[in-house]
Amino acid sequence: MLLELKHVSRRFGNITALNGISFTVGEGEIFGFLGPSGSGKTTTINIVTGQLKPSSGVSYVLGRDSQSIDQQIYEQIGIVSDRSGVYERLNVYDNLVVFAEILKVPKDRIDYYLAKVGLADRKKQPAGKLSKGQKQRLILARAILHKPKLLFLDEPTSGLDPTTVREIHELFLELKAQGTSIFLTTHNMEEATKLCDRLALLDRGTIIEQGSPREICLRHNTEKRFRLMTTAGDELEFGSTADEYDRLCRLLMRHEVETIHSCEPTLEDVFVKVTGNSLTR
Amino acid sequence: MKSHFWRKTLAVIKLKAKMLLGNTAALTGPLMSIAATVLLKILYAGMLEGDNSAILTYVLNFGISFNLGLGAVMMSALPLAEDKEKHTLRSLMTSSVNGLQFFIGSIFWPFVITVGVNYIVIFVSGVDSSRINMVMFSLLTVVSSLISGKLGLLLGIYAKSQVNANNLMMPFVMVLSLVPTLSTLNETLGRISNYLYTGIVTTMLNRYSEGLEFRLEISQVLVLALCVVGISVLFVVKYRKILVSE
Ligand SMILES: Nc1ncnc2c1ncn2[C@@H]1O[C@H](COP(=O)(O)OP(=O)(O)OP(=O)(O)O)[C@@H](O)[C@H]1O
Ligand SMILES: [Mg+2]
């Protein structure tokens, strides 16, 4: 296990930000933390990376208690969060040189990753002059420079345009293929579905569901429904009563079905069903 | 110590060099110490007749107190406050730079520049340097530069922003640079000055200007040791608290 949490809770005054959460992230896995704003995603990252004390419970990063994380562990992980900063007066390239030197990374890898995050043509620009999205990509490049074993990404694509998001997603999958495990938080259901091998749905500090996106959706596919369009162009919806199956079969056998889809719930549907709230509240 | 310790420390030193070059606010301190010394020297130049050593010592004293009490403190406090404000300190910490590496890397340039400026100030003040015991002068100013640099780091790490760092610095700067400069004019200030590390430097310079010897007293050694150790402890304690919130 690269990451393991056991009953981690965190209170701020009388707010319970995390309420006894447990999960694990294994090797070569992209694990997603999907939850609305204020559900405790950032708090979780801060605790497991040794930047915040839990009120109770324990977490282990690369086998080490998060609370006694040392340099050796930090050399093997990468963190992207809104608490990551850049040297605004230094140019993009020099920002990465510092970390390449600290982490003993060959300098040619800087150019490689700058190209990967789409900042190759900004090399000489002062980091303070970058847009928000560009700054975020610079921070991402810095976090993956040393090919970490485990990468923590706190909403890595929020605020980026769709084309960039797609490129960044490809980068994540490439990193995964090279053996980096990723723990990422998001409130974007599509991102979670597309990228994550497993995920946890988080609501007000509690994990309400856990598993692969497919498992979670199927688990909540209690009332199986199908939507179809007939060759005549009528749109129909069927439930799973014997009667409805009968009608469906007849249409199929008469070759009157143009398209057919099963209506299993999306992650968003599951979330709404379990919590009564939307992911993007 | 292992090679990676120095590799990381050196990386921070290089980083700090690049950052300091663009930080005009932080560089103002040492430059002003030299400029003010030159200016004072020119102002007093008209009065210089006969034995001028007392006035020249006053000029030298001013330059050195200014450099130690203001220049060094500013040079280390402001960049650290900036690191906190812009979250780059956290980024270094979570990229495997530990407290000691950051500390050495951050104090290096303020320390080197402050020590250098102390010698430049001797030169521009026009004091007859043959009266100064250079071994003692070097010892005291090097230790004092170290203390000032550390004090700056301590203030920087407690500051919430660069503006806040400036405010925190003011009382320290006033006491450390003004009290020794005015110590010969007022008895109370003179007594307080004896317990300030910058005041000890002043006492040394005054004795040299009178053609006397200077030896460190036990109480002065204690003051210096207390500053060196005490500030380090406070810094290390706070550094840990920065990374891990309660
Ligand atoms: N330092 C703090 N002091 C007090 N309350 C805090 C602190 N940090 C977080 N909280 C509270 O804990 C809860 C969880 O916050 P957290 O930042 O972990 O949410 P999040 O899931 O990351 O939200 P977002 O998607 O908006 O980033 C919130 O109610 C927040 O107000
Ligand atoms: Mg957050």
Side-chain angles (χ1 to χ4, degrees), chain A residues 10-13 42-43 45-55 61 66-91 93-105 126-128 135 138-139 142-146 148 152, chain B residues 1-27 78-106 108-109 160-162 236 239-246:
Chain A
R10 172 70 212 207
R11 283 176 295 280
F12 293 106
T42 302
T43 303
I45 290 201
N46 287 343
I47 289 176
V48 298
T49 56
Q51 301 181 69
L52 180 70
K53 285 188 180 160
S55 305
V61 182
S66 297
Q67 294 218 65
S68 57
I69 261 186
D70 62 6
Q71 293 195 73
Q72 260 184 357
I73 301 290
Y74 281 130
E75 281 167 13
Q76 300 175 68
I77 65 176
I79 305 172
V80 175
S81 83
D82 50 6
R83 290 210 288 186
S84 316
V86 298
Y87 293 99
E88 296 184 350
R89 289 199 301 279
L90 300 188
N91 67 33
Y93 186 80
D94 282 345
N95 260 280
L96 295 181
V97 165
V98 181
F99 292 87
E101 286 175 352
I102 290 170
L103 295 160
K104 210 175 179 184
V105 172
K135 218 176 273 179
L138 172 58
I139 292 169
R142 185 175 76 201
I144 60 181
L145 207 54
H146 57 302
F152 294 91
Chain B
M1 267 184 255
K2 288 186 218 130
S3 70
H4 72 81
F5 180 92
W6 291 110
R7 187 189 71 238
K8 290 179 189 179
T9 308
L10 194 65
V12 179
I13 289 176
K14 283 199 214 165
L15 162 72
K16 290 288 167 184
K18 288 183 199 164
M19 287 301 284
L20 201 57
L21 281 177
N23 194 342
T24 29
L27 287 175
L78 291 181
L80 180 46
E82 184 186 13
D83 265 342
K84 266 187 80 182
E85 192 177 330
K86 309 282 185 201
H87 293 306
T88 42
L89 175 56
R90 179 172 297 279
S91 298
L92 283 183
M93 290 169 161
T94 54
S95 303
S96 82
V97 172
N98 73 12
L100 190 57
Q101 290 156 352
F102 181 78
F103 184 82
I104 298 175
S106 296
F108 184 82
W109 294 111
K160 292 183 180 64
S161 65
Q162 292 178 83
V236 169
Y239 184 88
R240 293 203 179 155
K241 286 200 183 141
I242 293 257
L243 178 60
V244 190
S245 342
E246 286 295 324

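Excluded from the calculations below are hydrogen atoms, water molecules and symmetry mates; all remaining heavy atoms, backbone and side chain alike, are included. Below, chains carry the letters A, B, ... as their sequence lines are ordered, and counting in each starts from 1.
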Please flag which part of [X] lies under 4.5 Å from any non-hydrogen atom of chain A: side chain, backbone, both or neither.
X       : answer
Q101(B) : side chain
N23(B)  : both
M19(B)  : both
K86(B)  : both

**OP:** Go through L15(B) and L90(A) one step at a time and tell me if the side chain to side chain contact (heavy atoms under 4.5 Å, CB included) criterion holds.
**Re:** CA-CA 9 Å; L15(B) 162 72; L90(A) 300 188; 3.7 Å; yes
So for [X], is it side chain, backbone, both, or neither that comes closer than 4.5 Å to the heavy atoms of chain B?
X      : answer
I79(A) : side chain
Y87(A) : both
V98(A) : both
D82(A) : backbone

Original post:
Okay, side chain of S84(A), backbone of S91(B): is any donor-acceptor separation there less than 3.5 Å?
Top reply: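 Pair absent, no side-chain N/O of S84(A) close to backbone of S91(B).
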Original post:
Where the side chain of R90(B) meets the backbone of G85(A), is there a donor-acceptor pair that is under 3.5 Å apart?
Top reply: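 Such a contact is absent between R90(B) side chain and G85(A) backbone.
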Original post:
What are the two closest non-hydrogen atoms of S95(B) and F99(A), and how far apart are they?
Top reply: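 Answer, listing the atom of S95(B) first, then F99(A): OG-CE2, 3.4 Å.
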Subject >> Interatomic distance, I69(A) atom CD1 to T94(B) atom OG1 [nearest 0.5 angstrom] >> reply: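 One finds 9.5 Å between CD1 of I69(A) and OG1 of T94(B).
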**OP:** Report yes if some heavy atom in the side chain of V244(B) is under 4.5 Å from a heavy atom in the side chain of Q51(A); otherwise report no.
**Re:**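 No - every pair of side-chain heavy atoms lies 4.5 Å or more apart.
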Original post:
Is it true that atom CD of Q67(A) has more than 12 heavy atoms of other residues, nucleotides or ligands lying nearer than 6.0 Å?
Top reply: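 Count over threshold, so yes.
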